[in-house]
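What follows is one structure encoded as structure tokens, with my remarks underneath.
Please read all numbers here as calculations on a predicted model, not as lab measurements. All chains are named by letter (A, B, ...) in the order of the sequence lines, taking the proteins before the strands, and each is independently numbered beginning at 1.
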Protein chains: 2
Amino acid sequence: MTVSEPDVYDRMCPSRGVLEHVTSRWGVLVLAALRDRGYRFGELRRRIDGVSEKMLAQTLQTLERDGFVHRKAHPVIPPRVDYSLTPLGTEAAELVTGLVEWIERRLPQVESARELHGARREG
Amino acid sequence: MTVSEPDVYDRMCPSRGVLEHVTSRWGVLVLAALRDRGYRFGELRRRIDGVSEKMLAQTLQTLERDGFVHRKAHPVIPPRVDYSLTPLGTEAAELVTGLVEWIERRLPQVESARELHGARREG
DNA sequence: CGGTATCCTGAAGGATACTG
DNA sequence: CAGTATCCTTCAGGATACCG
């Protein structure tokens with residue numbers, strides 16, 4: 001395991017790193033899911049469609065480290081680990097789900113904008 | 001130039017694509033910048049620290065296609081192109097800058113959470 | 001000035017196998 | 001079940017060159 005440096009842009013503006021954790025592909029979806037209730041690892045994996053074990057673990061670790069997610073490991077066999085939002089994470093999750101829900105409401109407008117504009121890349 | 005398909009996850013949930021355009025590394029920063037006022041291409045490039053010409057152009061095209069950004073090309077030499085937010089883009093920008101500003105306010109809490117947790121990866 | 005085209009590399013991230 | 005370790009592929013995105 002190699003520990004990577006914060007990149008140049010992070011050094012110039014430390015909030016960029018946090019912003020990217022929270023708005024990352026899987027970060028958004030984890031926060032949104034946990035807003036409903038706490039989940040076990042496997043539950044989350046099934047609920048968040050398409051996430052790999054590796055990426056889910058990585059995303060949860062990053063969010064835990066930033067203080068957004070609380071991890072509670074029960075010392076039982078088979079292992080049981082529950083994830084939930086911290087108070088800080090709850091606030092973050094409200095903001096990102098606000099964004100997600102806004103997008104879902106405005107999707108028709110986005111799609112008609114795309115038609116007007118002519119079908120081009122989906123980057 | 002190859003035009004890429006929307007990937008599998010986009011097909012399952014079309015809002016994911018829009019979410020990723022808006023929360024992408026440069027998308028967030030473009031929306032936040034344009035919230036202040038309209039900018040020319042070069043102005044934006046200078047204002048958004050670290051963005052390459054290529055990525056700025058690509059990001060603006062994506063946001064334009066989604067109906068968030070308005071592009072006004074003046075037929076003069078040398079060329080002049082102004083970018084601004086559409087009404088839809090203004091709403092999106094408000095949500096993302098809300099998130100950015102929240103993160104900036106909470107940064108001290110995030111940093112103390114990191115210290116408690118012990119210094120680990122910056123993924 | 002405001003792009004586009006091409007090339008290239010490092011990092012993100014998926015598949016698989018393994019473990020306590 | 002909840003991860004780690006390893007390998008391998010894909011792709012974001014930077015560098016460079018060129019153009020209207």
Side-chain angles (χ1 to χ4, degrees), chain A residues 1-10 16-17 20-21 23-30 38-65 69-84 120-123, chain B residues 1-10 16-17 20-21 23-30 38-65 69-84 120-123:
Chain A
M1 173 208 302
T2 53
V3 177
S4 53
E5 308 270 315
D7 82 14
V8 251
Y9 308 123
D10 293 340
R16 280 203 191 174
E20 278 162 21
H21 299 164
T23 63
S24 70
R25 172 167 211 179
W26 305 118
V28 185
L29 300 170
V30 166
Y39 281 97
R40 300 181 56 179
F41 185 88
E43 286 178 328
L44 261 183
R45 178 149 160 52
R46 265 169 272 119
R47 157 138 188 188
I48 299 177
D49 200 89
V51 72
S52 67
E53 243 172 56
K54 178 184 161 184
M55 289 314 299
L56 181 57
Q58 199 175 108
T59 302
L60 285 167
Q61 283 166 10
T62 302
L63 293 176
E64 187 196 0
R65 178 166 128 71
V69 161
H70 175 68
R71 179 180 187 277
K72 172 70 180 173
H74 301 81
V76 296
I77 302 219
R80 176 191 178 99
V81 184
D82 290 317
Y83 291 93
S84 56
R120 293 269 154 201
R121 96 193 59 226
E122 171 72 15
Chain B
M1 174 211 301
T2 53
V3 177
S4 52
E5 308 271 315
D7 83 15
V8 253
Y9 308 122
D10 293 340
R16 279 202 192 174
E20 279 163 20
H21 299 163
T23 62
S24 70
R25 173 167 209 176
W26 304 117
V28 184
L29 300 171
V30 165
Y39 281 98
R40 300 182 57 177
F41 185 88
E43 286 178 329
L44 261 182
R45 179 150 158 51
R46 266 169 270 118
R47 157 139 188 187
I48 298 176
D49 200 88
V51 72
S52 67
E53 241 172 58
K54 177 185 163 184
M55 289 315 299
L56 181 57
Q58 199 175 108
T59 302
L60 285 167
Q61 282 166 10
T62 302
L63 293 176
E64 186 196 0
R65 179 166 127 70
V69 161
H70 175 69
R71 178 179 188 277
K72 172 69 179 174
H74 301 81
V76 296
I77 304 232
R80 176 193 177 98
V81 184
D82 290 317
Y83 291 93
S84 57
R120 294 267 152 204
R121 97 193 56 227
E122 169 72 16

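An OP1 or OP2 oxygen of D:dT4 is reached within less than 4.0 angstrom by a side-chain nitrogen or oxygen of A:Q61. Distances shorter than 4.0 Å separate some side-chain N or O of B:R40 from OP1 or OP2 on C:dG2. For D:dC1, neither phosphate oxygen OP1 nor OP2 lies less than 4.0 angstrom from any side-chain nitrogen or oxygen of A:Y39. Contact annotation: B:R80 does not reach the phosphate of C:dG3 (side-chain N/O to OP1 or OP2, under 4.0 Å). Put simply, A:R25 has no side-chain N or O that comes within less than 4.0 Å of OP1 or OP2 on D:dC11.
In this structure, A:Q58 and A:K54 have side chains that are in contact, with non-hydrogen atoms separated by less than 4.5 Å. With a 4.5 Å cut-off on side-chain heavy atoms, B:L44 and B:L56 count as touching.
Position along DNA chain C of the nearest nucleotide to A:P79 versus A:E53 favours A:E53 as the more 5'-ward residue. Each of B:L60 and A:M55 was matched to the nucleotide of DNA chain C holding its nearest heavy atom; the match closer to the 5' end belongs to B:L60.
Listed nucleotides: D:dG13, C:dG14, D:dA2. Nearest to the side chain of B:W26: D:dG13. For A:K54, the listed nucleotide lying nearest its side chain is C:dA15; candidates were C:dA15, D:dA2, D:dG14.
D:dG14 atom P lies 12 Å from atom CD1 of B:I48, rounded to whole Å.
Residues A:W26 and A:D49 approach most closely at CZ3-O, 3.9 Å, considering heavy atoms.
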